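For reference, the structure discussed in these notes is given below.
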2 protein chains.
Amino acid sequence: MSDTETRPLRADALRNRQRLLDAARAAFAEHGTDASLEDVARRAGVGIGTLYRHFPHRDDLVEALVRGGVDGLGTLSEQLAAEDGDRLDALHTWLQALVRHALAFRGLAEQLVTAAGSDNRLGTACHDTEAAGQVLFARAQAAGLVRPDATIEDAIDLATSIAWVVERSGRDDPNHLLTLTLDGLRPPLTPTQPRRGNEGGRHQGR
Amino acid sequence: MSDTETRPLRADALRNRQRLLDAARAAFAEHGTDASLEDVARRAGVGIGTLYRHFPHRDDLVEALVRGGVDGLGTLSEQLAAEDGDRLDALHTWLQALVRHALAFRGLAEQLVTAAGSDNRLGTACHDTEAAGQVLFARAQAAGLVRPDATIEDAIDLATSIAWVVERSGRDDPNHLLTLTLDGLRPPLTPTQPRRGNEGGRHQGR
DNA sequence: ACCTGAACACCGTTCAAGT
DNA sequence: ACCTGAACACCGTTCAAGT
């Protein structure tokens with residue numbers, strides 16, 4: 001929480017930084033988060049050293065690109081907490097958004113899991129995400145809608161790993177696996193009143 | 001199902017093959033499945049070309065090292081199907097073994113998910129694993145113990161992704177997440193008769 | 001203060017030459 | 001039939017030299 005990157009950049013440096021971000025976004029979209037950094041610099045029309053000056057680690061580049069999404073997850077959590085619908089549905093909705101977020105770039109889920117708990121910018125982003133989710137998680141758990149031996153870390157790890165397996169297996173629908181995970185593999189115990197929306201729900205994939 | 005590697009190897013070739021496997025096992029144990037292949041060849045005291053002759057793709061090396069485990073999952077499935085205990089417990093036990101299996105080497109879960117559905121040796125191993133699991137899965141589903149819109153692919157993908165996130169996050173207990181996934185995040189609906197063993201079950205990790 | 005790009009170390013994969 | 005290792009292409013990262 002001290003002064004990170006607070007000093008203003010020189011005009012050309014700022015321009016380069018922006019070009020690098022644009023180039024990285026394009027490269028990540030094509031090749032995933034392990035795109036060649038030399039290629040990123042090339043696309044940005046900038047020396048490789050400039051890339052490293054602005055983003056010493058690949059993590060930092062990733063973090064800059066997903067910052068907006070992380071903040072979005074924060075405001076979404078606030079919105080959902082403000083409404084007073086079903087607390088479990090709110091958690092479910094937020095976790096869906098998290099999965100979507102982790103699928104923004106190929107390789108992102110892996111970056112997120114690896115960075116979680118690290119003391120760097122991307123680690124902070126993960127921490128922020130967890131804090132946002134914790135609000136909804138605690139609410140649902142306090143209402144007895146979530147088993148007491150589960151934690152927000154569990155939920156986030158499960159959601160992230162679902163994003164990962166969807167990304168890697170080429171499945172089409174992440175929500176199917178997420179619903180299974182939230183409700184469990186067991187069938188609804190009260191057939192006349194099913195647990196939650198299995199709307200459509202064929203699935204298949206790969 | 002045609003003749004793959006059926007012809008006998010020359011004595012020196014067989015020896016080299018074995019040395020490569022031993023070296024790979026050691027290298028994978030140290031650095032995960034993306035260990036340097038040059039390093040593997042070096043450890044085996046063999047030229048890099050010899051490694052590629054025996055194992056044209058990294059996958060093939062991985063497959064050879066996990067073959068035993070895959071067969072083990074097959075026989076475990078047969079054993080569990082022979083006993084007639086709770087069919088859901090049998091599935092759970094088998095999925096636990098699958099998670100353990102996918103944690104044999106760092107990076108293995110990723111190799112498995114990537115290879116699944118591919119037309120190569122490791123893809124076949126995945127296919128064999130799925131077939132083994134399908135027996136237990138179908139039994140449990142037929143008994144109404146597993147929701148009808150879930151498939152063995154879902155279960156295997158979830159188990160594999162749990163192995164992955166445990167490996168990457170440094171969690172200590174894969175079974176906690178697996179239990180959450182099988183039972184769902186919800187608390188037991190009948191508090192007086194809990195769903196299944198939450199034995200101990202603190203957890204924490206990372 | 002910032003940028004450049006050569007330099008270094010490392011790796012995957014192929015293939016001509018050997019035995 | 002099998003093995004070797006040089007060769008090629010590619011990449012991440014650093015750092016001395018520039019402006």
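All chains are named by letter (A, B, ...) in the order of the sequence lines, taking the proteins before the strands, and each is independently numbered beginning at 1. Small disclaimer: the values here were computed from a predicted structure and weren't measured.
Pairs passing the side chain to side chain donor-acceptor pair (under 3.5 Å) check and including a residue from residues 67-79 of chain B, sequence neighbours excluded, read B/Glu63-B/Arg67, B/Arg67-B/Asp71, B/Arg67-B/Asp128. Sequence neighbours left out, not one pair with a member in residues 61-85 of chain A passes ring pair (Phe, Tyr, Trp, His ring centres under 6.0 Å). Counting only residues at least two apart or in different chains, ring pair (Phe, Tyr, Trp, His ring centres under 6.0 Å) contacts with residues 70-89 of chain A are absent. Sorted by first and then second residue, the ring pair (Phe, Tyr, Trp, His ring centres under 6.0 Å) pairs with a member in residues 144-168 of chain A read A/Trp164-B/Trp164; sequence neighbours excluded. For residues 110-131 of chain B, no pair satisfies ring pair (Phe, Tyr, Trp, His ring centres under 6.0 Å), with sequence neighbours left out.
In DNA chain D, consecutive stretches of 3 or more Watson-Crick or G-U wobble pairs with both distances under 3.5 Å are given as paired ranges: C:4-8 with D:12-16, C:12-16 with D:4-8.
Listed for the A/Trp94 side chain is no donor-acceptor partner under 3.5 Å among the backbone atoms of A/Leu76.
Taking for each of B/Arg10 and B/Gly45 the nucleotide of DNA chain D with the nearest heavy atom, the 5'-most of the two is the partner of B/Arg10.
Residues that satisfy the side-chain contact (heavy atoms from CB on, under 4.5 Å) test with A/Asp34, not counting sequence neighbours, are A/Arg58. For the side-chain contact (heavy atoms from CB on, under 4.5 Å) test, residues two or more places apart in sequence or in another chain that qualify with A/Ala104 are A/Leu108.
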What one-letter contact string describes nucleotides 5-15 of chain D from 5' to 3', where B marks a base within less than 4.0 Å of any protein heavy atom, S marks contact via sugar-phosphate atoms alone, and - marks no contact? BB----SBBBB

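The separation between A/Asp12 atom CG and C/dT4 atom P is 9 Å, rounded to whole Å. Rounded to whole angstrom, the span from the CG atom of A/Leu20 across to the C1' atom of C/dT4 amounts to 13 Å. Taking atom CZ of A/Arg19 as the reference point, atom P of C/dC2 lies 16 Å away to the nearest angstrom.
Between C/dC3 and A/Asn16, a contact under 4.0 Å exists linking OP1 or OP2 to a side-chain N or O. Distances shorter than 4.0 Å separate some side-chain N or O of A/His54 from OP1 or OP2 on C/dC3.
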